[in-house]
Novice: 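What follows is a structure written as C-alpha cells; I'll ask about it next.
In listed order, ligands and their atoms are each counted from 1. Note: hydrogens, waters and symmetry copies are ignored here, and every other heavy atom, side chains too, is used.
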Amino acid sequence: MAKLLIRDLRQVVSPAGRDAPLRGSALGELELIEHAYVLCDGATVEAVGPMSELGLVDSEVEDVDGTGLCAIPGLVDCHTHPAFGGDRVDEFSLRAGGASYEELHAAGGGILSTVRATRAAGEGGLREAVERHRGWMLRAGTTTFEGKSGYGLDRATELASLSAVRDAGGAPTFLGAHATPPAFDDADAYLDFVLADVLPDAAALAEAADVFLERGAFDAGQARRYLEACRDHGLALRLHGDQFTESGAIPLAIELGARSVDHLEATGADGIAALAASDVTGVLLPASALFLARPMPPGRALVDAGAAVALATDFNPGSAFCNSLPVVMSLAATQLQLSPAETLAACTVNAAHVLGRADRIGRIAPGFAADLVLLDAPDWRYVAYHLAGDVVATVIKDGTVTVGRAAY
Ligand code: NIG
Ligand code: FE
C-alpha cells in the first residue's frame, strides 16, 4: 500500500505513553512535537517526529503539505445513536416552549416517536441515514464511531440497525433495552421477547450491549437481567445511567464488569467515589445535558477522584442532535472544567478503550492506525477553544485523505 507523508506540521499532539485508560493527572499529559511530520505506511503510522529528524523520503511517497496545520489523533465517538428515521424537530420546538423530555417520553413521544419513524424508514432508508450521519461525524473529525440500535425494538429493525452501523464501518452496540414499545404490556414482557427472539442474532452483529436504566425506562433488576443475558452471548456491557436519577447504574456496572456507564448528570459523591475505585469508564455527554438544559455531569470531580472518563456526543435526534466531538470538547472545557489536553485524551485514547480498541486507535504513534485530524489553527487547542469553529481542515482515515481542504 502507498505511503503518505504529512510534512511541515506546526504541531503534532498525542496522549502521552501507551497506557489505556488514562486517569488522574495522566489524562492531561500529552506528547507535543513542534514543526513535525507523520509518515504513514498504508493504514498504519510508521513514524512521527520533528522535521529535523526526517530522513530522505522515497519519491513514491505521497506528500501532504501540513504548513500552518496541527495534527491530533482521529477522534473516537464511543456513544452515538445514528440508526434512526425522521427527526424530532417538533419536539424540539415543544421543549423550547417548556415541555420536558421526560414528560414527552411518558406521553408516547420522545424515543417512541423515533421508533415509529425508524420502522417506517425500512432497511434501505436506515442504511442511508446511518451513512449520512457517519459522513457528518467524519467531517467533524470522527474517524471511529460506535453506533447503537434501539429505535427498532422489533427483530427486523434492530438487526437492520446493527447491520447498517457495521457496514458503515462503525462499532455496533445492541441497545435492545431502550424503551418498551406499545405492543407489550410492560418492560418485563418486552424483555422476554427481546432476549428470546432478537438477542441471539443481534449478538452475531454487535460488539456490545447497552440498556437505558432510568425511571420510566428499565429498572436495575430489568437491566441486570438484560445485561447478564447479553454477556452470556459474548457482548461487552454498557449502560445509560444516572441521566435523570441515580437508580443503581454505577453499582450494577461495577458488579457486572461493564465497559462503561454513560451520562452521569445525576451522579453524586458516592457514585463518583465508587466509579473512581473501579475499572468502569464514565462516558460524559455534555452535548446531551446542554440540549436538554440539564445539569452537567461532574467531570472535574470524576477526574480528580481518579475515575477513567471518556467524552462522546450521544448523537441522536431527541436529546443530543450534535455530531461534533470538537463541540463536545469545547463544552467539556467550558462546562466540566477539563483542560483541553484532558478533553483530547477523553475522546481519543479513553474512548478507544471503551470500544476495546486502545491498542490500535486514539494515538499518533508508530503501529497505530493512520487516523489523523489536521486542524487549520495556530495551536491544536483551538479544537476546543474555537466554539463550533471551522478548524477541522483535513481528516485522514486509514492513511487515506477522506475529508480535505487546502490550508490557507
Ligand atoms: O442517550 N437516554 C436515552 N437515550 C438517548 C436519547 C434517545 C432519544 O431521546 O431519542 C440518550 O440521551
Ligand atoms: Fe445515548
Novice: Any N/O/S atom from Asp210 (main chain or side chain) under 2.8 Å of the Fe ion (ligand 2)?
Specialist: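 Given the 2.8 Å cut-off, Asp210 does not count as a ligand of the Fe ion (ligand 2).
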Novice: Can you tell me the protein heavy atom closest to atom 12 (O) of ligand 1 and the distance?
Specialist: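 Closest protein heavy atom to atom 12 (O) of ligand 1: Ser319 OG, 2.5 Å.
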Novice: Hey, does His263 sit under 4.0 Å from ligand 1 if you only count heavy atoms?
Specialist: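 Yes, that is the case, since the closest heavy atom of the residue is under 4.0 Å from the ligand.
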Novice: For the Fe ion (ligand 2), find the closest N/O/S atom on Asp314 and give its atom name.
Specialist: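 Checking each N, O and S atom of Asp314, the shortest distance to the Fe ion (ligand 2) belongs to OD1.
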Novice: Determine whether Lys3 and Glu62 satisfy the following criterion, salt bridge (Lys or Arg N to Asp or Glu O under 4.0 Å), listing intermediate values before the conclusion.
Specialist: CA-CA 6 Å; Lys3 289 199 180 189; Glu62 189 190 335; over 6 Å; no
Novice: Indicate whether any N or O donor in one side chain lies under 3.5 Å from an N or O acceptor in the other, for Thr80 and Asp77.
Specialist: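 On atom types as modelled, these side chains do not qualify, holding no pair under 3.5 Å.
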Novice: Just to confirm my output: which protein heavy-atom neighbour is closest to atom 2 (N) of ligand 1, and how far is it?
Specialist: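 Closest protein heavy atom to atom 2 (N) of ligand 1: Gln243 OE1, 2.8 Å.
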Novice: Who's the nearest protein heavy-atom neighbour of atom 6 (C) of ligand 1, and how far?
Specialist: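 Answer for atom 6 (C) of ligand 1: Tyr101 OH, 3.2 Å.
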Novice: Near His178, which atoms of ligand 1 are under 4.0 Å from a heavy atom of that residue?
Specialist: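 Those qualifying, in numeric order: 3 (C), 4 (N), 5 (C), 7 (C).
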Novice: Using a 4.0 Å heavy-atom threshold (strictly under), name the region of His105 that reaches ligand 1: side chain, backbone, both or neither.
Specialist: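 Within the 4.0 Å criterion, His105 makes no contact with ligand 1.
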Novice: Enumerate, atom names and distances included, each donor-acceptor pair closer than 3.5 Å involving a side-chain atom of residues 149-160, sequence neighbours excluded.
Specialist:
| unit_1 | atom_1 | unit_2 | atom_2 | d |
| --- | --- | --- | --- | --- |
| Ser149 | OG | Glu158 | OE1 | 2.5 |
| Ser149 | OG | Leu175 | N | 3.0 |
| Asp154 | OD1 | Thr157 | N | 2.7 |
| Asp154 | OD1 | Thr157 | OG1 | 2.6 |
| Asp154 | OD2 | Arg119 | NE | 3.4 |
| Asp154 | OD2 | Thr157 | OG1 | 3.2 |
| Arg155 | NH1 | Asp197 | O | 2.8 |
| Arg155 | NH1 | Asp201 | OD2 | 2.9 |
| Arg155 | NH2 | Asp201 | OD2 | 2.7 |
| Glu158 | OE1 | Gly150 | N | 3.3 |
| Glu158 | OE2 | Gly150 | N | 3.0 |
| Glu158 | OE2 | Gly152 | N | 3.0 |
| Glu158 | OE2 | Leu153 | N | 2.8 |

Novice: Could you check whether any side-chain N or O of Glu265 sits under 3.5 Å from a backbone N or O of Arg294, counting only pairs where one atom can act as donor and the other as acceptor?
Specialist: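 Looks like no, no N/O pair under 3.5 Å.
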Novice: In terms of relative ring orientation, are Phe193 and Tyr190 parallel, tilted or perpendicular, with 30° and 60° separating the classes?
Specialist: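 Ring orientation of Phe193 relative to Tyr190: tilted.
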Novice: Show me which atoms of ligand 1 lie under 4.0 Å from any heavy atom of Phe212.
Specialist: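 Taking each heavy atom of Phe212 in turn, ligand 1 has 2 (N), 3 (C) under 4.0 Å.
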Novice: With no hydrogens and no angle check, do the side chains of Arg95 and Ser100 hold a donor and an acceptor under 3.5 Å apart?
Specialist: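 Not at all, the side chains of Arg95 and Ser100 share no donor-acceptor pair under 3.5 Å.
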Novice: Taking N, O or S atoms only and a limit of 2.8 Å, check whether His79 reaches the Fe ion (ligand 2).
Specialist: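 Under 2.8 Å: His79 contacts the Fe ion (ligand 2) through an N, O or S atom.
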Novice: Just checking, is any N or O donor in the side chain of Asp242 or Thr267 under 3.5 Å from an acceptor N or O on the other one?
Specialist: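 Indeed, the side chains of Asp242 and Thr267 share at least one donor-acceptor pair under 3.5 Å.
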Novice: Can a side-chain donor-acceptor contact be found between Thr44 and Arg360 if the only test is distance below 3.5 angstrom?
Specialist: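 Thr44 and Arg360 do have a side-chain donor-acceptor pair below 3.5 Å.
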Novice: Can you tell which of Phe321, Phe84, Tyr151 gets a heavy atom nearest to atom 10 (O) of ligand 1?
Specialist: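 Checking each option, the heavy atom nearest atom 10 (O) of ligand 1 is found in Tyr151.
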Novice: Any heavy atom of Arg88 sitting closer than 4.0 Å to ligand 1?
Specialist: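 True for this residue.
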Novice: Contact between Thr143 and Ile361 at the side-chain level, heavy atoms closer than 4.5 Å - yes or no?
Specialist: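 They are not in contact (no side-chain heavy atoms under 4.5 Å apart), so the answer is no.
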Novice: Number the atoms of ligand 1 from 1 as they appear, then name those within less than 4.0 Å of a heavy atom of Ile111, with their elements.
Specialist: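 In order of number, 7 (C), 8 (C), 9 (O), 10 (O).
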Novice: Measure the distances from the heavy atoms of Asp314 to every atom of ligand 1 and state whether one is below 4.0 angstrom.
Specialist: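 Right, Asp314 reaches ligand 1.
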